[in-house]
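The structure appears below as structure tokens.
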Amino acid sequence: MATYFANVTLFDGRTVRTRAGVLVSNGTVAWVGAHARAPREARAAHEVEGAGKVLAPGLIDCHVHLCFEGGPDWEAEARGLTEARAALKAVRNLGRHLERGVTTVRDLGGIGAVACEVARAVAEGLLPGPRVVASGRALTITGGHGHTTFGLEVDGPDAVRKAVREQVKAGARSIKLVATGGVLTRGIGVDFTAFTEEELAAGVDEAHKWGLPAAAHAIGAGGILQAVGAGIDSVEHGSQITPEAAKLMKERGTFHVPTISAIRGILDHAEEVPAFAVEKAAGIAEEARDSFRRALRAGVRHACGTDAGTPFNPHGGAPLEVVRMVEWGMTPLRALQAATANAAELLRVPEVGTVEEGKAADLVLYDGDPLEQIEAVLKPAMVMRSGEVVAGQPL
């Protein structure tokens, strides 16, 4: 049966409309407009009274690790993962996203091709879950960040190209390149510049040839600038974005995915996380906030990403990441745009991210107004995926 949201405040992914109506039929948005001008089909649909409620697109988390659960020791968890166990964890984590209003995720590195297979199973209807844009294994240099967990070690432009093709063959719909050191890998500084310019350019070029977005794990200033120069689509983390890098990101349309929740998860549980990771996270915490604000001032576009699966950073945290972006200086409107329309554009999934006729009916209904009180995003009253209610109150 069709569903009609009547007289609702609509955040459509870009702007806000009051006294709106949204008709859902056959898994898609069939009509959007002023409630007073609702079409005849709306009267025959099951009506949901929307007065005092806010309807929005399902949230998108551009940076998760479905194979990991967010335990205190990232490397220890990885050592205990077989592909079968990783798949079981991924399936459970899918549900955690839906419960919190997250209807699309991008996995940026896991065990083997597990995320690709999970993505395929969801798309085929074998599993309930958010849409999954999988990246397969992240590509890192020999001994680079992630080599003990989610990374595939490759060196040289030709090897990088081949590795991109291998991920595509396995089902990847996004590519991740590890451009710098990281917090959760021992023996390598966060500001270490990893791939050469030629290696990064080869990886980005190959990803783009396949029509896929390329993301760079990039914390250090040198690696960030190098990745942006290579044409990367998004800088993940970006803790040391310089004025020069922010300007170039603005000019090239490079997105910043700040993953504030990753730092908070480590520092808020410093007694339980390995000391080397706490030390590195503490060393970049203030820089990360300053870089976020610098990118905002420069007009860099942002997309929401949590790095879910890292220590004390559970899946389903995109609403909390939205709140944290506001705490760091973003307006509620821009933070919600980062988790909807911007994220969909970055991931190249045009069927979601906005509430428009013909788009997938991935929707979230809130009793409160997150545009006025951003914490309302933490409590979705109803979550719809392809026109079916998957979490919250039945309609």
Requested in this report: Given salt bridge (Lys or Arg N to Asp or Glu O under 4.0 Å), test E206 with K162 step by step and report yes or no.
Outcome: CA-CA 9 Å; E206 191 64 32; K162 181 181 179 181; over 6 Å; no
Report task. Please name all residues satisfying ring pair (Phe, Tyr, Trp, His ring centres under 6.0 Å) with H145, sequence neighbours left out, ordered by chain then number. Result -> F150, H217
Requested in this report: Check step by step if ring pair (Phe, Tyr, Trp, His ring centres under 6.0 Å) holds for H65 and W74.
Outcome: CA-CA 11 Å; H65 299 282; W74 168 262; 5.3 Å; yes
Report task. Indicate yes or no for a side-chain donor-acceptor contact from R252 to the backbone of G229 under 3.5 Å, with no hydrogens or angles considered. Result -> yes
Requested in this report: Check step by step if ring pair (Phe, Tyr, Trp, His ring centres under 6.0 Å) holds for H256 and H237.
Outcome: CA-CA 7 Å; H256 180 208; H237 316 303; 9.1 Å; no
**Report entry** side-chain contact (heavy atoms from CB on, under 4.5 Å) between Y366 and K379, worked out
**Finding:** CA-CA 7 Å; Y366 300 103; K379 298 179 180 179; over 6 Å; no
Query raised in the report: Which side-chain hydrogen bond (donor to acceptor under 3.5 Å, both in side chains) pairs, counting each pair once, include a residue from residues 92-101, with sequence neighbours left out?
Result: E69-R92, N93-R96, N93-H315, H97-H315
Report summary line: Nearest heavy-atom approach of H208 to G231 is CE1-O, 3.4 Å
Requested in this report: Work out which heavy atom in A245 is nearest to a heavy atom in L225; give both atom names and the distance.
Outcome: CA-CD1, 3.9 Å
**Report entry** With sequence neighbours excluded, residues passing salt bridge (Lys or Arg N to Asp or Glu O under 4.0 Å) with R173
**Finding:** none
Query raised in the report: Ignoring hydrogens and geometry, is there a side-chain-to-backbone donor-acceptor pair from S291 to S239 under 3.5 Å?
Result: yes
Requested in this report: Could you tell me which residues satisfy ring pair (Phe, Tyr, Trp, His ring centres under 6.0 Å) with H35, sequence neighbours excluded, listed by chain and number?
Outcome: Y4
Query raised in the report: Which is it for R106 and H63 under the side-chain contact (heavy atoms from CB on, under 4.5 Å) test, yes or no, and what are the steps along the way?
Result: CA-CA 5 Å; R106 175 170 64 171; H63 192 138; 5.8 Å; no
Requested in this report: Could you tell me whether a side-chain N or O of E321 sits under 3.5 Å from a main-chain N or O of S261, the two making a donor and an acceptor?
Outcome: yes
Report task. Write out all pairs satisfying side-chain hydrogen bond (donor to acceptor under 3.5 Å, both in side chains) with one or both partners inside residues 107-117, taking only residues at least two apart or from two chains. Result -> E117-R120
Report task. Please step through salt bridge (Lys or Arg N to Asp or Glu O under 4.0 Å) for the pair K169 and E166, ending with a clear verdict. Result -> CA-CA 5 Å; K169 180 181 177 181; E166 289 173 344; over 6 Å; no
Report task. Using the side-chain contact (heavy atoms from CB on, under 4.5 Å) rule, take V235 and I232 through it: C-alpha gap first, then chi angles, then the decisive distance, then the call. Result -> CA-CA 7 Å; V235 168; I232 207 76; 4.3 Å; yes
Requested in this report: Would you confirm whether T185, through its side chain, and G182, through its main-chain N or O, come within 3.5 Å as a donor-acceptor pair?
Outcome: no
Report summary line: Residue set satisfying salt bridge (Lys or Arg N to Asp or Glu O under 4.0 Å) with D61, at least two apart, ordered chain then number -> none
Requested in this report: Considering non-hydrogen atoms only, spot the tightest contact between A344 and G353 and give its length.
Outcome: CB-CA, 3.8 Å
Requested in this report: Kindly write out the residues that satisfy side-chain contact (heavy atoms from CB on, under 4.5 Å) with L98, not counting sequence neighbours, or none if the list is empty.
Outcome: T103, P130, V390
Side chains of residues 48-58: which donor-acceptor partners sit under 3.5 Å, not counting sequence neighbours?
| unit_1 | atom_1 | unit_2 | atom_2 | d |
| --- | --- | --- | --- | --- |
| E49 | OE2 | A51 | N | 2.8 |
| K53 | NZ | D367 | OD1 | 2.6 |

Report task. State whether the side chain of K280 and the backbone N or O of A275 hold a donor-acceptor pair below 3.5 Å, judged by distance alone. Result -> no
Report task. Report the C-alpha distance between E244 and K247 in whole Å, list the side-chain angles of each, state the deciding distance to 0.1 Å, and finish with yes or no for salt bridge (Lys or Arg N to Asp or Glu O under 4.0 Å). Result -> CA-CA 5 Å; E244 180 186 2; K247 180 181 179 183; over 6 Å; no
Query - Pair R294-E287, salt bridge (Lys or Arg N to Asp or Glu O under 4.0 Å): steps then yes or no - result: CA-CA 10 Å; R294 183 176 298 120; E287 286 183 302; over 6 Å; no
Query raised in the report: Between V183 and I284, is a side-chain contact (heavy atoms from CB on, under 4.5 Å) present by the stated rule, with each step listed?
Result: CA-CA 9 Å; V183 170; I284 60 170; 3.9 Å; yes
Query raised in the report: Can you list the residues that meet the ring pair (Phe, Tyr, Trp, His ring centres under 6.0 Å) rule with F195, with sequence neighbours excluded?
Result: none
Query raised in the report: Judged by modelled atom types alone, do S386 and R131 share a side-chain donor-acceptor pair under 3.5 Å?
Result: yes
Query raised in the report: Do side-chain atoms of R137 reach the backbone of G110 as a donor and acceptor pair under 3.5 angstrom?
Result: no
Query raised in the report: So with a 6.0 Å cut-off around CD of E279, is the heavy-atom count from everything else above 12?
Result: no
Query - Co-members of F255 in a cluster of I, L, V, M, F, W and Y side chains, linked at under 4.5 Å - result: I60, V133, V257, L346, L347, V349, V352
Query raised in the report: Would you say the side-chain atoms of R19 pair up with the backbone N or O of A36, donor to acceptor, closer than 3.5 Å?
Result: no
Query raised in the report: Residues two or more places apart in sequence or in another chain: which of them pass ring pair (Phe, Tyr, Trp, His ring centres under 6.0 Å) with F312?
Result: H269
Query raised in the report: Quick one: does E153's side chain have a donor or acceptor within less than 3.5 Å of a partner on H147's backbone?
Result: no
Report task. Please name all residues satisfying salt bridge (Lys or Arg N to Asp or Glu O under 4.0 Å) with D191, sequence neighbours left out, ordered by chain then number. Result -> none
Query raised in the report: Side chains of V29 and V32: closer than 4.5 Å at any heavy-atom pair?
Result: yes
